[in-house]
Chemist: 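Take this structure, written in structure tokens, and hold onto it; I'll ask about it next.
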Amino acid sequence: MIYLNGDFMPLEEARIPVLDRGFIFGDGVYEVIPVYSRKPFRLAEHLLRLRHSLDGIRLPNPHSDDEWTSLVEQIIARNESDDQYLYLHITRGVAKRDHAFPKDVLPTVFIMSNPLLAPPKELLTTGVAAITTGDNRWLRCDIKAISLLPNVLLRQMAIDAGAVETVLLRDGFMTEGAASNIFVVRNETLLAPPKNNLMLPGITYDVVLELAAAHNIAYQVRAVSEYEVRTAQELLLTSSTKEIMPITHLDGKPVGDGKPGSMFALLYQLYQNYKITIMRGGASIS
Ligand SMILES: Cc1ncc(COP(=O)(O)O)c(C=O)c1O
């Protein structure tokens, strides 16, 4: 079951007018929220990021956090899987085609759920391949905009090369992946680029840094150069649906010894433990 503008219905019955500004302009924002054992993971943080995205496109938030929470709970209850990922999508609504904002138009609000499958174990033991390319996106990558054409093309470059992700480089520094954040390990230290307008502030990214801080793992949040990426001991990618994955080949060359490293193994385990804490009703990282 999905939610669309006030009603719950089967996905097949959902209809959107062709003049929806999401369809015409890609004028909207979205969120992806993982759900484990029917509990939304880091919901407050996802709703805060949604607010930031809506502010970024000057679209008033159609719901309070309590209303969003209630909608999220209802969608979870109406779908079968215990582990789900929720997709929340808000557009500037339906109006005659004109770039300028329409007046007195209600936003379109759409929520769907899909089963969340853990990444295959074999990918965690072999790692995945990534490629690099220039980051040709706009300068507001901190907004989770539905207009994802650059990300679609950049991710497809990876698929065409037999890889799973494209690591993006801008002006000699790494920004993020086409649909993930990227961490670099050098000298047993975890390096993360600072959150700014050139990358999406990942919720998983935050969890990883909090886990590192709580477990005395050396880390630095600072600009990471292309050279540091290419000569890394380990590369990790993070996202809500992929959690933490080791990148073991970059542009066809092994990263470190070409096997998932000890930083990955440690953070992966800490992340799994943290998920279990959350499922049992705990919240804080310790
Ligand atoms: C461009 C981009 N960066 C980073 C991420 C990771 O963000 P999160 O950990 O909140 O899923 C995503 C998520 O899909 C993304 O699309």
Side-chain angles (χ1 to χ4, degrees), residues 26 28-36 40-54 56 68 72 83-89 112-114 116-119 128 130-159 163-170 173-184 190 192-212 221 224 229 235-245 247 264 267-268 270-272 274-275 278 285:
V29 298
Y30 75 108
E31 261 307 315
V32 173
I33 308 174
V35 173
Y36 297 107
F41 185 74
R42 294 231 151 183
L43 181 58
E45 288 81 354
H46 280 281
L47 293 180
L48 192 63
R49 186 171 67 183
L50 178 62
R51 187 173 296 275
H52 172 82
S53 297
L54 287 164
W68 281 119
V72 160
D83 293 351
Q84 309 177 13
Y85 68 93
L86 308 184
Y87 176 84
L88 278 58
H89 172 123
M112 69 176 163
S113 166
N114 281 291
L116 177 60
L117 307 172
V128 298
I131 60 167
T132 59
T133 196
D135 190 343
N136 58 7
R137 301 172 303 162
W138 68 335
L139 298 176
R140 289 305 307 275
C141 294
D142 54 313
I143 298 175
K144 206 161 166 60
I146 60 170
S147 25
L148 283 172
L149 191 50
N151 304 64
V152 166
L153 294 171
L154 291 165
R155 173 57 76 83
Q156 188 59 36
M157 275 177 71
I159 306 305
V164 309
E165 184 56 302
T166 302
V167 175
L168 304 175
L169 303 164
R170 200 191 279 266
F173 291 90
M174 177 186 78
T175 53
E176 58 179 339
S180 60
N181 291 113
I182 307 289
F183 291 82
V184 171
L190 188 65
K195 288 187 204 170
N196 57 23
N197 62 312
L198 302 179
M199 66 174 243
L200 186 78
I203 305 296
T204 324
Y205 165 103
D206 279 343
V207 174
V208 166
L209 289 181
E210 287 172 33
L211 288 171
V221 177
V224 180
V229 174
L235 293 177
L236 311 178
L237 75 77
T238 65
S239 83
S240 290
T241 52
K242 293 201 159 74
E243 301 182 346
I244 306 178
M245 293 183 79
I247 296 173
F264 163 71
L267 286 171
Y268 177 81
L270 291 172
Y271 195 86
Q272 299 309 315
Y274 176 59
K275 270 166 49 183
I278 292 279
I285 286 187

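Just follow the structure's listing: the first ligand is 1, and inside any ligand the first atom is 1.
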Chemist: Does ligand 1 have any atom that is closer than 4.0 Å to a heavy atom of Pro201?
Modeler: no

Chemist: Which heavy atom of the protein is the closest neighbour of atom 9 (O) of ligand 1, given with residue, atom name and distance?
Modeler: Thr204 OG1, 2.5 Å

Chemist: So, Glu165 and Lys242, do they make that salt bridge, N to O below 4.0 Å?
Modeler: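 So Glu165 does not pair with Lys242 through a salt bridge.
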
Chemist: Who's closest to atom 5 (C) of ligand 1 heavy-atom-wise, of Ser180, Ala178, Ser240?
Modeler: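 Among Ser180, Ala178, Ser240, the closest heavy atom to atom 5 (C) of ligand 1 belongs to Ser180.
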
Chemist: Out of curiosity, Met199 CE to Asn197 CG, how far, rounded to the nearest 0.5 Å?
Modeler: 11.0 Å

Chemist: Mind listing the closest non-hydrogen atom pair of Val221 and Pro194 along with its distance?
Modeler: CG1-CA, 3.6 Å

Chemist: With a 4.0 Å cut-off on heavy atoms, does Arg49 reach ligand 1?
Modeler: yes

Chemist: Looking at every heavy atom in both Ile244 and Leu267, which two are closest together, and how far apart are they?
Modeler: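 Closest approach of Ile244 to Leu267: CD1-O, 3.6 Å.
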
Chemist: When Glu31 is tested against each of Arg42, Arg49, Lys144, Arg51 for salt bridge (charged side-chain N to carboxylate O under 4.0 Å, His left out), which residue passes?
Modeler: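 Considering Arg42, Arg49, Lys144, Arg51, a salt bridge (charged side-chain N to carboxylate O under 4.0 Å, His left out) with Glu31 is found only for Arg49.
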
Chemist: Under 4.0 Å, counting heavy atoms only: does Asn181 come that close to any atom of ligand 1?
Modeler: yes

Chemist: Before signing off on this row, confirm whether Tyr205 and ligand 1 have an N or O atom pair separated by under 3.5 Å.
Modeler: no

Chemist: Which option, Gly202, Ala179, Gly177, Pro34, owns the non-hydrogen atom nearest atom 16 (O) of ligand 1?
Modeler: Ala179

Chemist: Go through ligand 1 atom by atom and flag the ones less than 4.0 Å from a non-hydrogen atom of Glu176.
Modeler: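 Taking each heavy atom of Glu176 in turn, ligand 1 has 1 (C), 2 (C), 3 (N), 4 (C) under 4.0 Å.
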
Chemist: Charged N to carboxylate O under 4.0 angstrom, Arg170 versus Glu176?
Modeler: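 Salt bridge between Arg170 and Glu176, a charged N being under 4.0 Å from a carboxylate O: no.
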
